[in-house]
Structure formats: C-alpha cells, structure tokens
Number of protein chains: 4
Amino acid sequence: MSFIEQARRRQLIEALIEGVAEEGYAGASLAKVAERAAISKSVVVYHFGTKDELVEAAVEQIFGEMRAFIEPRLDAEQTARGQLRAYIGSEFTFLEHNRAKLLAVSYILMNHRDAGGALYLRERSETTYLKSVIAILKKGQADGEFRSFALVPMATTLMHAINGALAQWVANPKLSLAEYADELITIFDLATRKSSTRATGKAAE
Amino acid sequence: MSFIEQARRRQLIEALIEGVAEEGYAGASLAKVAERAAISKSVVVYHFGTKDELVEAAVEQIFGEMRAFIEPRLDAEQTARGQLRAYIGSEFTFLEHNRAKLLAVSYILMNHRDAGGALYLRERSETTYLKSVIAILKKGQADGEFRSFALVPMATTLMHAINGALAQWVANPKLSLAEYADELITIFDLATRKSSTRATGKAAE
Amino acid sequence: MSFIEQARRRQLIEALIEGVAEEGYAGASLAKVAERAAISKSVVVYHFGTKDELVEAAVEQIFGEMRAFIEPRLDAEQTARGQLRAYIGSEFTFLEHNRAKLLAVSYILMNHRDAGGALYLRERSETTYLKSVIAILKKGQADGEFRSFALVPMATTLMHAINGALAQWVANPKLSLAEYADELITIFDLATRKSSTRATGKAAE
Amino acid sequence: MSFIEQARRRQLIEALIEGVAEEGYAGASLAKVAERAAISKSVVVYHFGTKDELVEAAVEQIFGEMRAFIEPRLDAEQTARGQLRAYIGSEFTFLEHNRAKLLAVSYILMNHRDAGGALYLRERSETTYLKSVIAILKKGQADGEFRSFALVPMATTLMHAINGALAQWVANPKLSLAEYADELITIFDLATRKSSTRATGKAAE
DNA sequence: GATGAATGAGTTTTCATTCAT
DNA sequence: AATGAATGAAAACTCATTCAT
C-alpha cells in the first residue's frame with residue numbers, strides 16, 4: 001500500500017470516527033465522511049470500495065489500538081486481581097485519550113449490519129474483548145483469588161460498566177474519569193474476591 | 001382521545017417496537033411501521049404528526065409500563081438491600097416478557113436525535129431510571145445498610161449491567177435469565193454491602 | 001386502482017417506451033422517464049415501486065396489445081398457410097403503428113436482467129410468441145399443407161425476420177413496410193409449403 | 001505498434017468480449033474489463049484512449065476474423081446457390097467456435113452509441129455484412145439461379161436468421177448447430193431458387 | 001508503458017413530509 | 001379518520017475520464 005493511500009485511509013477513518021462520535025451512526029455516511037475530509041464521495045469509495053469496508057476498517061483499527069494499549073498493562077500484572085484492576089484502569093486511561101474512538105465504536109457496534117441484516121460486528125467484539133476479560137476471571141478462580149461465579153454475566157457486566165462510564169462522561173464532560181475508575185475497581189474487586197479474603201488496598205478502604 | 005384513535009396509536013407503537021427490535025433503528029421508518037401495521041404511511045402521520053412523536057410516544061409508553069411493573073415491587077420491600085434485589089429481579093422479569101420493548105428502547109435511546117442532533121431521550125431515560133436506582137442506593141447508605149460509594153457510577157453500572165444481560169440474551173436466546181439475574185443480585189449485593197456485614201443467603205454462598 | 005393511478009402508470013410506461021425507442025435501454029432510467037413525464041423521480045418509484053416493475057409492466061402491456069391485435073386475425077384464417085400470411089401481415093401492420101413500442105421491446109429484451117443477471121424477459125417472450133408461431137407451423141404440417149421441417153429454426157427465423165424488418169425500418173424510415181411484408185410472406189410461403197404444391201398467387205409469381 | 005502493445009490490446013479486447021458475452025453490454029465497462037484482465041483501469045485508457053475506441057476495436061477485430069473465415073469459403077464456390085449454402089454453413093462453423101464473440105457483437109451493435117446517441121456501429125455492420133450477402137443474391141439473380149425478389153429483405157432475413165440461431169443456442173446450449181444450419185440452408189434455398197428449378201441435394205430431400 | 005488518485009455525473013432506492021380529498 | 005399522490009433530499013454505489021508520476 002502506497003504512502004498516500006495509507007494517509008488517505010487514516011484520514012478517512014478519522015473523519016468517520018469524528019463524524020460518528022458527533023452525529024451517531026448517521027455520521028458514517030459516505031457524504032458526511034467525504035465532507036469532513038474535504039474530498040469527494042468517490043474518493044472514499046476509491047479507497048475502501050464500500051462503506052461497510054470503511055466502517056469495518058475503522059473498527060478493526062480501534063480494536064487494534066485498544067489491544068495494543070491494554071495487553072502489555074495486563075501482562076505486567078501477576079495476580080488476577082491485579083489484572084482486573086489493570087484492565088479497568090487501562091480501559092479508562094485509553095478512554096480518556098480516545099473518547100471519540102470509543103464513542104464511535106459503540107455506535108457502530110449497535111448499528112452496523114451486513115446485507116442480511118445481521119449485527120456481525122457485535123459478535124466480533126464479544127469474542128475479542130469478552131474473551132480477554134473472561135480469561136482473567138477464569139485465572140482468578142483457578143488460582144483461588146476469586147470466588148465462584150458465572151463468568152459471562154460478570155464479564156458482560158464489567159464491559160457494560162465501562163460503556164456506562166463512557167455514556168456518563170458524554171452526558172457530563174466534567175466527570176472525573178479517575179474517580180469513576182476507582183469506583184469500578186472497587187465494585188469489581190468486591191464482586192469477585194473470595195468473601196473470606198480480607199481485602200487490602202484501595203478496595204477495602 | 002377517541003377509542004379508535006387509542007387503538008391505532010397502540011397498534012402503530014407496537015409495529016414500531018417490533019420493527020426496531022428486529023431491524024434496529026432503521027426499523028423505525030414510517031414506511032416500515034406502516035407496512036408492518038398494513039396501513040398507509042399517512043395514517044402514521046395523521047396520528048402522530050411526525051416520526052419523532054411516534055418514536056417518543058413509544059418510549060414514553062414503554063417507560064410507563066416498566067415503572068408500573070417495577071415500582072410496586074420496590075414498595076413491597078423495606079430494606080434498601082431488598083429493594084436492590086427486587087429492582088434487579090423485577091427488571092429481569094419484565095425483560096423476560098418484553099424483550100422486543102427493551103431492545104427497541106435501547107436502539108432508540110442510542111439513535112434517536114432531535115432536529116438539532118441532540119440525544120435528548122437518553123437524558124430523559126437517565127433522569128427517570130437512574131434516579132430511582134440512586135434513591136435506593138442513597139437510602140441504603142443513610143440506613144447504614146450499604147457501604148460508602150459514589151452513587152452515579154454504581155447506579156450507572158447497575159443499569160448497564162441489565163442492558164448487558166439483554167445483549168447477551170439477544171446473542172444467545174437459550175440463556176437462563178433467572179440464573180443471570182441471580183448472578184447480578186449477588187454482584188451488586190457484594191458491591192454495595194458494608195464490608196463488615198456477614199452476608200447471609202445466596203450472596204454469600 | 002384509482003383513475004389517476006392508471007393514468008400515471010400509462011403515462012410513465014409511455015415515457016419509458018419513447019425514451020427507450022429513442023435512446024436505447026439507457027432511456028429506461030428513472031431520471032429519464034421522470035424527465036420525459038415532467039415529474040420527479042420519486043413519482044415513478046411511488047407508482048411502480050421499482051424500476052424493474054416499470055420495465056416489466058411496459059413489456060407486459062406491449063405484449064398484451066400485440067396479442068390482442070394479432071390473435072383475431074389468426075383466428076379468421078382456416079389454413080395454416082393463411083395463418084402464416086396473416087401472422088406476418090398483422091405483425092407488420094402492428095409494427096407500422098407501433099414502431100416505438102416494438103423498438104422498445106427489442107431493446108428491453110436484449111438488456112433487461114434481473115438481480116441475478118438473468119435475461120428472464122427474453123425467455124418469457126420466447127415462450128409467448130414463439131409458441132404461437134410454432135402452433136401454426138405444426139398445424140400446417142399435420143394438415144399436409146407444409147413440408148417437413150424442424151419447427152424451432154423455422155419459427156425463430158420468422159420472428160427474427162420481422163425484427164430485421166424493424167431494424168431496417170429504423171435505419172431507413174422511407175422503407176415500404178407493405179412491400180417488405182409481401183417479400184417475407186413469399187419467403188416463408190416458399191420455405192414452408194410442400195415442394196410438390198404448385199403455389200398460387202403472389203408467392204409463385 | 002510494439003509487440004507488447006499488441007498483446008495488451010488483444011488481451012483487453014478478449015476481456016471485453018467475455019464480459020459482454022456473460023453480462024450483456026454492461027460488461028463493457030472499463031472497470032469490468034480491467035478487473036477481468038487483472039490490471040488497472042488506466043491501462044485500458046492508456047491503450048485505447050477511450051471506452052468507445054476499445055469497443056469499436058473489438059468489433060473491428062471480430063468483423064475481420066469473420067471476414068477472413070468466410071470469404072475464402074465463398075470464393076471456393078462457383079454458383080450463387082453454392083455460395084449461399086457456404087455462407088450459412090461457414091457462419092455456423094464460425095459461430096460454433098466463437099460463441100462469445102458473436103454474442104458480444106450482437107450486444108454491442110444493439111447498445112453502443114456515440115456521444116450524439118447514434119447507433120453508428122449498426123450501420124457499419126449493415127454495410128459490411130449485408131453487402132456481401134446482397135452481392136451473392138444479386139449474382140444469383142443475374143445468373144438466373146435465383147428467382148426475382150427484393151434484395152434487402154432477403155439479405156436482412158438471412159442475417160437475422162443466423163442471429164436467431166445464436167439466440168436459440170444461448171437459451172439452449174444443447175442445440176445441434178449443424179442441424180440448425182441445414183434447416184436454414186434449406187429454408188433459403190427454397191426461398192431463393194427459381195420455382196421451376198428442381199432442387200437437388202439436401203434442400204429437396 | 002503503466003498506474004494510482006481523484007472527480008462529477010450518473011444509477012436505483014429510501015426517507016420524512018406536505019397537501020388535497 | 002384515513003389515504004393517495006407527490007416531492008426533494010439523501011443514501012450507497014458505478015461510471016468514464018483526467019492528470020500527475
């Protein structure tokens with residue numbers, strides 16, 4: 001892929017993200033993206049072939065960035081409990097610097113359907129992100145750090161809790177994300193730990 | 001409002017709900033609603049004046065039904081802890097019998113914007129539903145049942161947790177909602193109770 | 001169907017026919033049809049739902065008119081030979097007064113494809129028109145009027161011969177259709193009759 | 001013209017022919033041709049300047065090949081009757097090995113128009129092919145082999161008869177072209193010969 | 001020789017809305 | 001109370017072509 005092509009693709013994906021973050025999924029229209037990028041609609045088609053491919057490329061990219069940001073922070077932790085805190089913390093850090101991206105993703109996952117009307121991207125997000133949270137939870141149970149609970153509801157709740165933070169932040173931009181993150185860390189610490197365990201650190205304060 | 005008018009409105013709102021639940025927010029178009037109700041587009045306009053008014057009427061109605069279902073179940077509980085469990089339980093019971101309605105609401109809240117591009121319905125849902133959860137949490141803290149935590153993140157998390165259950169259920173229709181509800185009850189029981197409190201019953205198992 | 005609806009459909013079909021006759025299949029575009037009818041594109045969609053339905057409605061109508069014109073003229077003849085002459089003669093008479101319609105049909109049959117890329121209308125024309133010619137030929141052979149020959153090539157040749165006349169007429173509008181018809185009558189008279197038969201009348205001159 | 005240039009032109013013309021034969025005139029678009037040839041659109045433009053020139057080059061080439069195939073076979077015959085049979089026979093032989101080419105030509109002749117909207121290629125085909133048939137017919141009449149008939153209708157009918165065979169073959173690929181050719185030979189033998197003439201050979205069987 | 005990039009005009013279709021009846 | 005008719009704007013996409021490299 002040529003340099004100019006890469007630049008254009010990046011520019012168009014950015015335009016899409018901004019548009020969707022501001023206007024909702026309607027901001028993903030070829031016309032809106034082209035206007036934001038100050039080019040003609042056909043350029044978008046030229047570089048992506050299809051609206052769907054643009055949207056999917058954007059999601060892939062954001063997912064990739066998130067993974068690249070979060071994974072090393074998880075690997076730096078030994079305990080499942082530490083990983084859980086690191087997961088929430090790094091999601092929030094990422095969120096803080098990528099509001100538009102996460103907003104865009106959440107609009108797209110809710111609205112983007114293939115020709116058959118299926119929400120295939122939703123599924124992909126589940127399998128990608130849910131799985132990594134579930135892995136942490138499983139490890140915590142295996143290591144005796146976590147109590148026994150059903151994995152899917154806990155993981156789903158955590159992911160939607162972060163999404164809820166995003167929604168709150170959008171509604172109220174003065175919200176302190178750091179404090180919000182601490183609250184979530186405590187909530188999931190309490191929700192997952194073995195009840196006999198005397199919690200130490202923040203969660204027990 | 002005449003009887004026939006009421007019937008029509010109910011019919012059209014139902015058509016909208018089905019359409020949105022199946023096809024996403026695109027299912028809210030006048031043409032789709034009219035087709036589903038097997039009448040002409042102009043009838044919809046006649047009874048609601050505007051697409052927006054139809055959509056908003058649908059949301060109002062669903063919100064009303066939820067309130068009517070949940071509130072008495074909350075009032076039957078004395079303790080905040082009991083109310084919290086009742087809240088989650090009755091949300092799930094409602095969900096079980098009103099999948100399409102809640103699905104439709106979640107699509108609409110995410111997509112419906114006024115002429116100026118504002119998501120005003122989202123705000124309304126927050127003020128309505130969040131507030132009732134916050135009231136429970138506040139009472140629990142005042143009565144010494146709950147630990148000290150920030151109200152908004154906890155309430156937001158709970159509401160999005162329920163939304164997460166809906167999403168999981170849509171993706172996997174065989175999911176046991178009762179078990180899922182129990183898990184959530186435990187999670188929020190653990191997350192809210194005073195740490196010194198020795199939980200009894202399910203939550204502590 | 002209301003009166004105004006019928007009128008619009010007739011008008012739009014007419015616009016389509018004129019457009020296609022003048023500009024080829026490209027003249028069947030919604031924009032061109034709408035412009036010719038001096039209305040907006042959406043009116044066409046309103047009345048036909050789809051471009052394909054408009055095109056197919058036009059073809060049906062023309063086929064119907066042809067059938068209505070030709071069939072009684074065939075029924076008025078007792079012998080196969082007479083029917084063959086009547087067929088050619090009435091096709092030419094029809095052609096003379098419906099140049100645009102037949103031109104349009106021939107463009108459409110050559111170009112109109114369904115979503116899968118199949119030329120389904122061609123097939124329909126074959127089964128409709130070829131069959132009636134084949135019936136005449138069969139009868140002629142059964143009655144001993146015609147020699148033995150393969151039905152499909154003869155029928156196909158006749159139909160394409162008439163199409164050829166249309167093409168010639170378009171290229172050269174001063175062409176005498178009556179004389180051309182006489183030539184074709186003779187050609188197919190000679191081609192079909194029993195070789196022992198002494199032809200009488202024009203064909204044998 | 002360099003060797004590589006020639007090769008490219010041949011390749012592109014071939015891609016055009018295949019595309020048009022399969023998809024109709026829409027298969028003649030630059031994008032489709034380029035995709036079929038697995039090169040970029042600009043290559044097509046580079047070698048032909050214009051879509052129209054590509055299309056016309058393709059037609060020229062096919063016409064040339066037909067002429068090269070048929071002419072010697074005509075020259076090998078002394079009598080007009082023999083030439084007529086040879087013409088039909090060699091057209092069919094050519095057709096049998098060049099289905100896509102003839103299909104493509106027939107789509108192009110029907111659809112390709114210049115900027116002014118004129119079907120100039122049609123005219124060219126008439127003057128090229130019709131003329132050679134007319135020459136045969138004229139000779140047959142001059143030599144007393146053929147009866148008196150109008151030249152244009154007979155020649156047009158013959159040419160369209162062959163086209164009809166192509167159409168039948170496309171609709172029904174199991175069709176025996178050899179038998180079909182024999183039928184046409186007989187038909188035009190009977191249609192052209194002097195009525196007193198006792199036909200010999202196949203036509204009179 | 002070949003191609004990547006861009007474009008404006010064109011395609012069919014969906015949409016919310018207005019208006020007269 | 002209902003609806004048929006019409007519309008302009010917008011949607012995604014295709015097309016032939018131009019231009020710089």
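Labels below follow one simple rule: chain letters A, B, ... track the order of the sequence lines, proteins then strands, and each chain is numbered from 1. The analysis underlying the following values was restricted to heavy atoms, covering all of them including side chains, and did not include hydrogens, waters or symmetry mates.
For C/Ser42 against F/dG8, a side-chain N or O and a base N or O form a donor-acceptor pair under 3.5 Å. Side-chain to base pairing of A/Ser2 with E/dG4: no donor and acceptor N or O lie closer than 3.5 Å to each other.
Under 3.5 Å, the side chains of A/Gln6 and A/Arg9 contain no donor-acceptor pair of N or O atoms.
One atom, NZ of A/Lys51, and another, C1' of F/dA12, lie 8 Å apart when rounded to the nearest Å. One interatomic measurement links the two molecules: CZ of A/Arg9 to P of E/dA6, which rounds to 13 Å at whole-angstrom precision. Separating the OH atom of C/Tyr25 from the C1' atom of E/dT11 is a distance of 12 Å, rounded to the nearest angstrom. Between the NE2 atom of A/His112 and the P atom of F/dA12 there is a distance of 11 Å, given to the nearest Å. Taking atom CG on C/Leu12 and atom P on F/dA6, their separation rounds to 9 Å, with Å as the unit. Regarding A/Leu30, its CG atom lies at a distance of 15 Å from the C1' atom of E/dT12, rounded to whole Å. The interatomic distance linking A/Gln11 (CD) with E/dA5 (C1') rounds to 13 Å, in whole Å. Going from atom CZ of B/Phe48 over to atom P of F/dA1 covers 13 Å, rounded to whole Å.
In this structure, E/dT21 and F/dA2 make a Watson-Crick or G-U wobble pair, each of the two defining distances being under 3.5 angstrom. Under the Watson-Crick or G-U wobble criterion, with both distances below 3.5 Å, E/dG10 is paired with F/dC13.
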Original post:
Run the salt bridge (Lys or Arg N to Asp or Glu O under 4.0 Å) check on A/Glu18 and A/Lys101 step by step: do they pass?
Top reply: CA-CA 8 Å; A/Glu18 275 173 35; A/Lys101 284 177 187 171; over 6 Å; no
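Under the 4.5 Å side-chain criterion, counting only non-hydrogen atoms from C-beta, C/Val55 is not in contact with C/Phe48. D/Leu12 has its side chain out of reach of D/Arg36: every pair of non-hydrogen atoms, C-beta onward, lies at least 4.5 Å apart.
For CD of C/Glu35, the number of neighbouring non-hydrogen atoms (other residues, nucleotides, ligands) closer than 6.0 Å is 12 at most.
Comparing A/Ala28 and C/Glu5, the nucleotide of DNA chain F nearest to each residue sits closer to the 5' end for C/Glu5. Nearest-nucleotide assignment on DNA chain E puts the 5′-proximal partner with A/Val43, out of C/Lys32 and A/Val43. Both C/His47 and C/Lys41 lie near DNA chain F, and the one whose nearest nucleotide falls closer to the 5' end is C/His47.
Nearest nucleotide to the B/Ser40 side chain, out of E/dG1, F/dC15, F/dG4: F/dG4. Counting only heavy atoms from C-beta on, B/Val45 has its side chain closest to E/dT17 among E/dT12, F/dA2, E/dT17.
Listed pair C/Arg8 / F/dA6 meets the phosphate criterion, a side-chain N or O lying under 4.0 Å from OP1 or OP2. Between A/Tyr46 and the phosphate of E/dA5, there is a side-chain N or O to OP1/OP2 separation shorter than 4.0 Å.
Between the C1' atoms of F/dA20 and E/dG1, the separation comes to 15 Å (whole Å).
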